[in-house]
Amino acid sequence: MMSVRPRTAYEIQCMRVSNHLLREVFADLEQMIAPGVTTAELNLEADRLIRSLGGVPNFFNYEGYPASICTSVNDQVVHGIPDVSCVLQEGDIISIDAGLIYDGFHSDAARTYGVGRISGDARRLIDATEQCFFEGMKFAVAGNNLNDVSAAIGDYAEQHGFGVIRELCGHGIGGLMHEEPDVLNFRNPGPGLILEAGMTLAVEPMITAGSREVKWADDGWTVSTVDGSLASHYENTILITEGKPEVLTMTDEEKNCHPEVQ
Ligand code: MF3
Ligand code: CO
């Protein structure tokens with residue numbers, strides 16, 4: 001299948017460039033997170049910076065999506081639409097999902113941040129969501145089945161009492177933002193796919209503190225938990241290798257604490 005084929009060396013280099021640029025967007029937005037900031041301001045800044053880096057926001061107008069990033073606050077899981085009336089409050093958690101196209105190659109990542117001081121429960125949720133990703137990374141090696149990555153993510157979440165969203169998943173990424181294969185975040189009986197060096201994937205656990213049931217808002221985009229519990233999202237674009245996966249959207253500083261990736 002064309003879209004699952006390993007990338008050429010040239011394509012891999014282009015993917016690195018696109019994804020490294022996206023790190024700068026997160027470094028910038030992270031500084032802005034504070035009580036009183038609106039999600040519209042975050043969107044405006046992300047859009048400005050992506051374009052000033054020579055990229056194009058790949059979310060903007062994706063199937064009609066009306067902004068350049070997704071900002072999902074508290075019980076919103078993903079695809080929250082930035083809005084001038086959404087003012088961050090002390091104690092909120094906000095996930096920012098962003099991506100760009102550079103020279104025809106896509107990047108995609110998400111981080112969940114606390115606004116000021118957050119509850120212990122919120123911190124544990126955010127940390128567990130990140131750990132789900134790293135549990136998956138232990139299996140994200142050429143020759144393994146992608147299903148082992150999915151199972152590791154989902155099992156970690158459920159063993160720690162968290163819910164795993166079933167309706168949304170990660171994906172292949174490269175010349176398009178969403179390519180095959182789907183990267184599920186839970187143990188599943190599908191045939192899966194044998195990973196090959198050079199494949200590029202967006203792996204993105206979406207985890208809730210309560211029930212895993214979600215609902216869509218009337219805006220057609222915003223996904224929230226049905227029970228109102230907090231939700232968290234953590235996503236990186238990765239490159240499969242013969243050894244540890246290369247995480248294209250993590251900074252060296254972030255990687256320092258995570259020996260399971262390079
Ligand atoms: N990063 C998101 C994902 O992979 C893409 C969001 S598309 C948008 O699911 F249109 F909602 F922006
Ligand atoms: Co994605």
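Whatever order the structure lists ligands and atoms in, that order sets their numbers, starting from 1. As the structure is a computational prediction, the values presented were derived from the model and not from experiment.
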message = A side-chain contact here means heavy atoms from C-beta on lying under 4.5 Å apart; do R51 and P57 qualify?
response =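 With C-beta onward as the side chain, the pair touches.
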
query = Are the side chains of D97 and D108 in touch, meaning some heavy atoms are under 4.5 Å apart?
reply =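 Yes, at least one pair of side-chain atoms sits under 4.5 Å.
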
query = Name the one of E179, E180, E204 that satisfies side-chain hydrogen bond (donor to acceptor under 3.5 Å, both in side chains) with H171?
reply =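 Of the listed options, the one satisfying the test is E204.
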
ask   = Name of the E204 N, O or S atom nearest the Co ion (ligand 2)?
value =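 Relative to the Co ion (ligand 2), the closest nitrogen, oxygen or sulfur of E204 carries the name OE2.
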
query = Parallel, tilted or perpendicular: which describes the rings of F134 and H258, with under 30° parallel and over 60° perpendicular?
reply =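 Correct class here is parallel.
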
ask   = When you draw lines from the Co ion (ligand 2) to OD2 of D108 and to OE2 of E235, what angle lies between them, to the nearest 10°?
value =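 Centred on the Co ion (ligand 2), the OD2/OE2 angle is 90° (to 10°).
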
inquiry  = Quick one about D121 and S119 (side-chain donor to acceptor, distance below 3.5 Å, no hydrogens or angles considered), yes or no?
reply    =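 Short answer, no.
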
For ligand 1, output the ligand-protein N/O contacts shorter than 3.5 angstrom; if there are none, return none.
residue  : atom  : partner : partner atom : Å
ligand 1 : 1 (N) : D97     : OD1          : 3.1
ligand 1 : 1 (N) : D97     : OD2          : 3.0
ligand 1 : 1 (N) : D108    : OD1          : 2.9
ligand 1 : 1 (N) : D108    : OD2          : 3.1
ligand 1 : 4 (O) : D108    : OD2          : 3.1
ligand 1 : 4 (O) : H171    : NE2          : 2.9
ligand 1 : 4 (O) : H178    : NE2          : 2.9
ligand 1 : 4 (O) : E204    : OE2          : 3.0
ligand 1 : 9 (O) : H79     : NE2          : 3.4

Ion pair R7/E246, N-O distance below 4.0 Å =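 No salt bridge links R7 with E246.
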
request  = Confirm or rule out an N/O/S atom of H171, from backbone or side chain, lying less than 2.8 Å from the Co ion (ligand 2).
outcome  =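 Checking H171: at least one N, O or S atom is under 2.8 Å.
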
request  = Specify the closest pair of heavy atoms between F139 and N144, including all atoms of both residues, with the distance to one decimal.
outcome  =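 Closest pair (atom of F139, atom of N144, distance): O-ND2, 2.8 Å.
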
